[in-house]
Visitor: 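The structure follows.
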Amino acid sequence: MLDLIIRNGLVVDGSGLPAYVADVAIADRRIVRVGRITEDAQQTIDAKGQIVAPGFIDPHTHFDAQLLWDGHAKPVLAHGVTTIVPGNCSLSLAPLQEKHRMKLVGMFNQIEEMPHKAFAEGVEWNWVTFDEYIKRIERGLAINVAPLVGHSVLRLWVMDEAAMQRTATPDEVKAMQDLLRGCLDAGAIGLSTSFVDMDENLQPVPSRYADTVELDALAAVLGDYGRMLQIVPEFYDADLTIARVDQLAALSLKYAIPTTFSPLFINRDNIDAVNRVMARVDTQFAAGARVWPQVQTRPIDMSFSLAVPSLLFMRFRAWYRLIRFGTVDEIMAGLQDPERRAVYVAEASALDALWPRIKLRQVNTDANQSLVGKTLGQIAAIRGCTPVDAMIDISIEENLDAHFLSENMGHDDDAEVGRLLSHPRVHIGASDGGAHILSFSTYGDTGYLLGHFVRDKALLGLEQAIKKITSDTASIWGIAERGLLQPGYIADIAIFDSATIDRGAEYFTPDVPGDGSRYVRDAIGMDTVLVGGAVAWSAADGYSASTRGKVLPGARL
Ligand SMILES: [Zn+2]
């Protein structure tokens, strides 16, 4: 008897071929047949009027920490994502010696805005090796995880403090190679490195002290396994990015490995620069290299309150000091002190073009509810003050629990972003899921792709978009048996309504251990998500108790 049948859905099988009406039969975790199924099954899902697609794969996330307390990687699973790649940007949580734990927490805090308290109260530190970390997250895993190992972490293990001071000696490089080999044997899908990130002391992360000999030696190990090298290039500069494209292409050709870099943003003022980067990508692909640029679907938005440090205030020294180090009471006192407030207002004037456009998104008091959805410019006009004063006053009135949104700060030209997303050599990704939890919501990028770019703007076809986030991603990363709805494949499946699929509005929610909160989005239009042939989430019942997530590619036996 079959385990499950999905009946009458419109199958978009991930290959890019046209959709067709069929049933999908599942037994023993796998798709056994797609067509007219007459047998019975223990469970039947009626998908009439819905799309039945392979589960989506998100290649750029930072769920490393969250997976320790949440095997569903909420809310990304509810958006139809059935496989995530954590460990990007040179940072993973393993391998990690005890003496380096706080250093790594500091880096996660600085780069990914993961609070110290979440680690202190949400994490039992009972792993050292990559293998132990994998065994740890495998307990209660509801989503598939294809983890990268971070270059900064390898350096820290081998070089200690010197990892943040100098290049490695030949012996240290050899030790890093051995360490990487152990991680790949344990199931890591590749290596990540960064050429731009800063640590908690605003010093370069360890990977940035590596020379080309070291990176070449690590790429050689990846070559023995055919696994991925991910990098963060100097993405703010096209010429430096092009130099990294060439560097990756050389490594890709020399060791026959796939490589990917992220992010690549397109703004109205850098279209020519992005075209130049893409021209070099095309040239390198034509030469046989694999250098996949990752492009995110969502525009750059930033949410913030004055209670927690936000990327928006990083550049303002007085603001940053106040918010970064102050408690709620101390921040309130600072904002209410006329002299100090004058300093904050003066600093903020550098962004005077921005403040009037910022929206008030969420408040607690009844008195201010009528202002929600209005811009600071509109509120300032109502109150007879400046937009910055309106932001500060409302924050004080709400005891700092007022949330603002700065929308469309870049990557927001639909035609240009759509052109890039549909490019055959662009890898859709770079969501940063699980990171920047205090600045924006990194969930729902697939809903935005399918709702905004496919349905509303018709800039990509449905079959094309689904192929890009399923079988293309699986092929790029070498993830076997996933990404297609065909007999023999693992039954990771997303069932959704193409007429309504979307990402919900962003909101701030207290679900981080240690009394922490984060910005999230719910899915819209998603009906059911299967992982390994079992329902992992449904709109009707929420997250299930099923724990069929796997670590991919998994340990070498
Ligand atoms: Zn990242």
Side-chain angles (χ1 to χ4, degrees), residues 56-67 73 76 81 83-94 104-115 118 145-156 188-200 202 204-208 210 228-236 240-241 244 248 258-265 291-302 309-311 314 409-411 426-446 469 473 476-477 518-520:
F56 313 142
I57 304 173
D58 186 338
H60 188 127
T61 81
H62 296 277
F63 284 107
D64 308 69
Q66 191 181 325
L67 287 169
V76 75
V81 174
T83 300
I84 52 174
V85 178
N88 278 276
C89 308
S90 97
L91 292 183
S92 55
L93 281 180
L104 203 65
V105 166
M107 286 197 280
F108 264 83
N109 179 244
Q110 176 63 27
I111 299 163
E112 312 302 352
E113 298 175 63
M114 184 59 72
V145 177
L148 289 162
V149 53
H151 186 187
S152 288
V153 183
L154 297 182
R155 283 197 124 232
L156 206 54
I189 196 156
L191 176 75
S192 70
T193 196
S194 169
F195 295 101
V196 296
D197 287 303
M198 304 286 230
D199 73 5
E200 73 283 15
L202 300 182
V205 291
S207 66
R208 294 179 62 189
M228 178 64 87
L229 174 62
Q230 181 265 349
I231 73 156
V232 187
E234 296 84 342
F235 57 87
Y236 45 82
L240 293 174
T241 301
R244 295 298 178 196
L248 287 179
T259 70
T260 185
F261 64 96
S262 46
L264 180 66
F265 293 116
V291 189
W292 293 99
Q294 275 185 45
V295 176
Q296 72 178 48
T297 66
R298 67 173 187 273
I300 299 174
D301 291 343
M302 223 174 272
S310 152
L311 294 176
M314 284 264 282
M409 299 174 75
H411 200 63
V426 160
H427 184 18
I428 295 181
S431 79
D432 251 353
H436 305 297
I437 65 172
L438 302 177
S439 289
F440 38 80
S441 170
T442 51
Y443 322 98
D445 283 20
T446 49
I469 57 175
T473 308
I476 289 167
W477 287 77
R518 59 177 181 153
Y519 290 103
V520 295

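Each ligand, and each atom within it, is numbered from 1 in the order the structure gives.
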Visitor: Do the ring planes of Phe235 and Phe265 sit parallel (below 30°), tilted (30 to 60°) or perpendicular (above 60°)?
Guide: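 Phe235 and Phe265: perpendicular rings.
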Visitor: So what's near the Zn ion (ligand 1), protein N, O or S atoms under 2.8 Å?
Guide: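 Near the Zn ion (ligand 1), below 2.8 Å, one finds His60 NE2, His62 NE2, Cys89 SG, Asp432 OD1.
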Visitor: Taking the inter-plane angle between the rings of His62 and His60 on a 0 to 90° scale, is it parallel (under 30°), tilted (30 to 60°) or perpendicular (over 60°)?
Guide: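 Perpendicular, since the angle between the ring planes exceeds 60°.
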Visitor: Side chains of Ser90 and Ser194 only: does a donor on one sit below 3.5 Å from an acceptor on the other?
Guide: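 Side chains of Ser90 and Ser194: no pair found under 3.5 Å.
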Visitor: Does NZ or CZ of Arg244 lie under 6.0 Å from the centre of the six-membered ring of Phe261, at an angle within 45° of the ring axis?
Guide: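 Geometry flag: not set, cation outside 6.0 Å or 45°.
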Visitor: Just by distance, with hydrogens left out, do His151 and Thr193 show a side-chain donor and acceptor under 3.5 Å apart?
Guide: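 The answer is yes; a qualifying pair exists.
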Visitor: Sub-3.5 Å donor-acceptor pair from the side chain of Ser192 to the main-chain atoms of Gln230, do we have one?
Guide: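 Side chain of Ser192 to backbone of Gln230: no pair is present.
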